[in-house]
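Every chain is numbered from 1, with letters handed out A, B, ... down the list of sequences.
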Number of protein chains: 2
Amino acid sequence: MQNPATPPHSHVEPLRLPQNVIKALSIDNLVFGLDEDELKILLVKQTDPMHQGKWALPGGWIRYDENLRDAAYRLLEELTGVKQLYLEQLKTFGRVNRFPTERVVTIAYYALVSAEHYSLVAGQSAADVSWQSVNNLPELIYDHAEIVQYGIKFLRHQVCHQPIGFNLLPEKFTLLQLQALYEAILNTKLDKPNFRRKIMKMDLLTACNEKQKGVPHRAANLYRFDSETYKQLTESGFSFEI
Amino acid sequence: MQNPATPPHSHVEPLRLPQNVIKALSIDNLVFGLDEDELKILLVKQTDPMHQGKWALPGGWIRYDENLRDAAYRLLEELTGVKQLYLEQLKTFGRVNRFPTERVVTIAYYALVSAEHYSLVAGQSAADVSWQSVNNLPELIYDHAEIVQYGIKFLRHQVCHQPIGFNLLPEKFTLLQLQALYEAILNTKLDKPNFRRKIMKMDLLTACNEKQKGVPHRAANLYRFDSETYKQLTESGFSFEI
DNA sequence: ATATCTTATTGTCCCATTGACCACAAGCCA
DNA sequence: TGGCTTGTGGTCAATGGGACAATAAGATAT
């Protein structure tokens with residue numbers, strides 16, 4: 001972990017910046033995944049003596065000639081090998097003393113990893129990367145706990161107002177999987193028939209004409225999110241609400 | 001405009017950074033105000049030959065020992081003299097070539113100026129600061145048009161999901177003023193009796209037991225926003241929706 | 001084969017909310 | 001006094017959501 005792409009929080013003192021980056025400006029990624037109906041985030045274990053036992057958000061430096069989002073993508077791909085994921089800016093955190101040795105402002109992004117990629121992510125990379133349940137997080141370095149709290153709150157809000165939850169599911173999913181997703185993120189119980197009607201009435205799902213396989217009970221229909229229709233509906237004033 | 005607090009976009013080349021700031025990181029403020037039922041933003045006229053006739057968002061550099069929000073507050077107060085305003089982070093913009101001479105990333109904040117302060121704002125400061133209708137904006141420098149578009153969209157969303165619109169009104173306001181605010185921001189027409197019922201049922205307004213004065217028709221009741229009640233309601237799961 | 005279990009899916013009832021619209025009240029002005 | 005404008009209270013039908021009952025479809029156990 002001594003290469004130029006080393007995340008800023010792998011060092012403590014002295015701060016050794018790689019060449020060709022914007023000093024004082026870093027990226028931190030808040031990566032969400034869904035595991036057995038539980039919402040998890042991706043954390044990196046700190047190995048240096050100063051932060052022994054603590055964890056951090058995966059992050060790194062922005063290159064001088066690199067757009068912000070590109071930097072976030074690159075850092076995630078370097079870490080997890082996953083290319084396709086939903087990624088949006090979360091917020092910028094810059095409290096004066098958030099970083100010990102220098103004034104470092106960090107731009108936080110949040111990402112959603114689909115079920116297909118979920119198990120690959122942590123495996124692809126070093127052993128010190130792992131998924132952790134948002135309901136039972138370890139101690140985090142710097143202000144990362146604050147970033148996580150803000151991000152969870154933000155995700156809870158977003159997921160109700162934008163159809164982004166689908167990014168956490170496999171491409172083809174059942175209505176119950178979708179419902180379980182909302183229950184996991186919002187930490188609530190929903191009524192199955194009502195949830196079903198609400199979703200279907202939006203006309204955002206297209207039936208795959210295919211059924212679940214390998215389940216020990218009646219197989220449910222599989223659906224996929226129809227982003228084309230969503231785009232059209234949005235233009236005519238439709239707004240997604242759960 | 002050659003003092004150390006000069007906004008980054010007042011210069012073009014060479015980039016002369018004031019001492020004691022975080023290089024490569026600036027603040028831009030998107031300041032909203034309501035004027036005669038029209039939504040306006042605060043812009044600064046550019047005087048240097050390079051940007052003659054163009055306008056910019058008021059902005060500046062972040063000091064090395066200053067929190068981000070504090071920097072945004074300071075810059076606004078320096079420019080307008082207004083201390084009390086609603087201010088929140090909007091988004092960070094950092095396209096590689098958004099700034100001509102250097103890689104500069106900017107953290108955009110958005111602010112809401114109350115009607116009491118509205119007319120003071122532009123007067124307090126240089127003649128090259130003025131309110132401009134969001135429906136008829138002049139040409140802006142750099143990526144400021146993009147920031148403005150994003151901000152307007154964001155405001156339209158926020159105002160429907162959070163009770164922030166009150167920050168644009170005087171402390172005591174009538175229901176019709178509130179309705180006009182929503183109509184101006186959302187660019188729609190609303191039904192008066194229905195809007196009224198919807199708002200009142202939320203229990204977020206307390207009557208001042210006072211009436212409008214100096215109007216050539218029946219005077220309406222004045223109300224004020226009750227932030228205490230809102231806090232309590234929020235904790236019990238209430239969510240503001242228009 | 002039959003019972004039983006689990007989940008999928010459809011249907012129904014009731015109530016709160018919304019939107020469209022009407023009617024009257026209050027105050028100013030000519 | 002009457003006409004004008006705006007405030008305020010009401011009706012009514014349509015809609016949408018929450019609670020919940022009922023049935024269907026598979027899989028498994030006996």
[X] has an atom [atom1]; how far is it from atom [atom2] of [N], in whole Å?
X	N	atom1	atom2	answer
B:Met200	D:dT8	CE	P	9 Å
A:Leu222	C:dA8	CG	C1'	13 Å
A:Ile242	D:dG16	CD1	C1'	14 Å
A:Arg196	D:dA22	CZ	P	19 Å
B:Lys189	C:dG19	NZ	C1'	16 Å
B:Ile199	C:dT18	CD1	P	11 Å
B:Glu241	C:dT18	CD	C1'	14 Å
A:Phe195	C:dT10	CZ	P	15 Å

Discussion item. Here's one to test your reading of the geometry: is the NZ or CZ of A:Lys91 within 45 degrees of the ring axis of A:Tyr150 and under 6.0 Å from its centre?
Written reply: yes
Worksheet item: Base, backbone or nothing for each nucleotide of nucleotides 20-30 of chain C, written B, S, -, heavy atoms under 4.0 angstrom, 5' to 3'?
Response: BBB--BBSS--
Worksheet, complete the sentence: Out of C:dA8, D:dT8, D:dG16, minimum distance to the side chain of B:Asn221 belongs to D:dT8
Discussion item. Nearest to the side chain of A:Lys201, heavy atoms from C-beta on, is which of D:dG17, D:dT8, D:dG16?
Written reply: D:dG16
Item to complete: Check side-chain hydrogen bond (donor to acceptor under 3.5 Å, both in side chains) between A:Thr234 and all other residues, then give those that pass, not counting sequence neighbours.
Response: none
Discussion item. For a 4.5 angstrom cut-off between non-hydrogen side-chain atoms, does A:Gln89 reach B:Thr92?
Written reply: yes
Practice prompt. With sequence neighbours left out, write down each residue that passes side-chain contact (heavy atoms from CB on, under 4.5 Å) with A:Ser114, or none if nothing qualifies.
Written response: A:Glu116, A:His117
Fill in: Residues forming a side-chain contact (heavy atoms from CB on, under 4.5 Å) with A:Glu241, sequence neighbours excluded
A:His161, A:Ser239, B:His161
Discussion item. Give me each pair satisfying ring pair (Phe, Tyr, Trp, His ring centres under 6.0 Å) with a member in residues 215-234 of chain B, each pair once, sequence neighbours excluded.
Written reply: B:Phe166-B:Phe225
Worksheet item: Is the closest basic N to carboxylate O distance between B:Arg74 and B:Glu78 below 4.0 Å?
Response: yes
Worksheet item: Does atom NZ of A:Lys45 have more than 12 heavy-atom neighbours from other groups under 6.0 Å away?
Response: no
Practice prompt. Please check if atom CD in A:Gln84 has more than 12 non-hydrogen atoms from other residues, nucleotides or ligands closer than 6.0 Å.
Written response: no
Worksheet item: So what does B:Lys192 touch, heavy atoms closer than 4.0 Å: a base, only the sugar-phosphate, or nothing?
Response: base
Worksheet item: Which of residues 168-185 of chain A have a heavy atom under 4.0 Å from DNA chain D?
Response: none
Worksheet item: Reckon B:Lys198 has a side-chain N or O less than 4.0 Å from the OP1 or OP2 of C:dT17?
Response: no
